Amino acid sequence: MPKAKETVLEINLNALEHNYRYITSRINNSTNVLGVVKAFGYGSDAVSVANSLAQLGVAYFGVAYTSEGEELRNGGIQTPILVLHPQSINFNKIVNRCLEPSIYSFNMLTKFIEFAESKNQKSYPIHLKFNTGLNRLGFTEFDIDEIIKKLAKTESVKVKSVFSHLAASEDLNEKVFTEKQLQRFNRIALELEESLQYSFTRHTLNTSGVLNYPNSQYEMVRTGIGLYGFGNNAKENKNLQPVATLKTIISQIHILNEGDTIGYNRAMTATQNMKTATLPIGHTDGINRAYGNTIGWVTINGKKAPIVGNVCMDMIMVDVSKIDCNEGDEVIIFGDKGSTAEELSAAINSIPYELLTAISQRVKRVICRK
Ligand SMILES: *Cc1c(COP(=O)(O)O)cnc(C)c1O
């Protein structure tokens, strides 16, 4: 890659492919992969990522909202797309763009059947979501009889899959709870199989589920964060490669005297003469204000430069007193080796999911292979 000349988020498709191959090496050959590309592909570029994954053989894509599914269709993606959290106001778009809704409540089931009937749909694919312990979205196991009754009365929809979501698949201290969730899911799937009398896909593992509970992979797994290079533990992170690298440049260098203050509200005072660099990236771009005042850092010419003063809307200042650097030099905010999104997010008690998806659409995405 040429050196950055402005703030960019580089998306390395070779790393994505490596991660896909690693994850599929951890599941059976016959298990399908649903690639989760919600939230702009975890902050990267959903269409580029989906195109890459489709070529590698991903069977399904998952998005949170209908608009994200539309974006994939607009980008030419033809793979089936599961919309995890649709709203009934978007049912028209769902059907027009061949998106497949997760149906998680009687309210949604009734409304979607009504809609599908009004559009003369036959066997429109739906995905039944069950709550097995996360207590976020989903039917309970006690809803099955009522679901079956409603489905028996219509030919407009057909259950394509049954799924659930684990509450703590990354936390091995919660193994007992997770096993209970998995058993509950198994009971639900068996009961539905008996009542529906046709086969459907079952899926309940996210990335950490794949890595920690491979016996419950069923016919499909849903992987998000692993594709982007993070495995929710240090050991797995070593097997994966971060896809996104956030870079910027030095706009200006300042020489400060002892007693000078830095930035808004004079949040920091130079305790000795120092050199600072001002960078064209701020909280608008996804650099949380919590990183201000030496909590966060960037890397310049291989050396760590702490963020000094408050994070501004469009800029940060960093301490480069001990770094040989010039205006125009490239700056790494996060990437791989020594300054990952994992490490930087941990500094403010956050997680890579939040840091990656916080990088705002103002930051230019650059697709590359390296
Ligand atoms: C976001 C999401 C996933 C992906 O989880 P990762 O931990 O990123 O692999 C899977 N399933 C559901 C229901 C989700 O909302």
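Index from 1, following the sequence. Counting convention: from 1, in listed order, for ligands and their atoms alike. The structure displayed is predicted, hence computed values, not measured ones.
- For the residue pair Leu192 and Phe200, the shortest heavy atom distance occurs at CB-CZ, 3.8 Å.
- Under a 4.0 Å heavy-atom criterion, Phe163 is not in contact with ligand 1.
- Given atom 4 (C) of ligand 1, the protein heavy atom at minimum distance is Tyr42 OH, 3.3 Å.
- When only non-hydrogen protein atoms are considered, atom 5 (O) of ligand 1 lies nearest to Asn206 CB, 3.5 Å.
- Of all atoms in ligand 1, listed by their number and element, those nearer than 4.0 Å to a heavy atom of Lys38 are 1 (C), 2 (C), 3 (C), 14 (C), 15 (O).
- Using the six-membered ring where Trp is involved, Phe91 and Phe112 have ring planes that are perpendicular, over 60° apart on the 30 and 60° scheme.
- Looking from atom 12 (C) of ligand 1 to the surrounding protein, the closest heavy atom is His165 CE1, 3.4 Å.
- Proximity of Leu166 to Leu182: side-chain heavy atoms (C-beta onward) are separated by under 4.5 Å at one or more points.
- Only the side chain of Val36 comes within 4.0 Å of ligand 1, judged by heavy-atom distances.
- Of the residues listed (Gln183, Arg184, Gln181), the one engaging Thr132 in a side chain to side chain donor-acceptor pair (under 3.5 Å) is Gln181, and it is the only one.
- Note on ligand 1: Arg136 sits in its first shell, one or more heavy atoms being nearer than 4.0 Å.
- A donor-acceptor contact shorter than 3.5 Å links the side chain of Thr7 to the backbone of Pro280.
- Taking the six-membered ring for Trp and thresholds of 30 and 60 degrees, His203 and Phe163 have nearly parallel ring planes, at less than 30 degrees apart.
- Within the listing of ligand 1, atoms 6 (P), 7 (O), 8 (O), 9 (O) sit less than 4.0 angstrom from a heavy atom of Ile225.
- Residue, atom and distance of the protein heavy atom nearest to atom 7 (O) of ligand 1 are Tyr353 OH, 2.6 Å.
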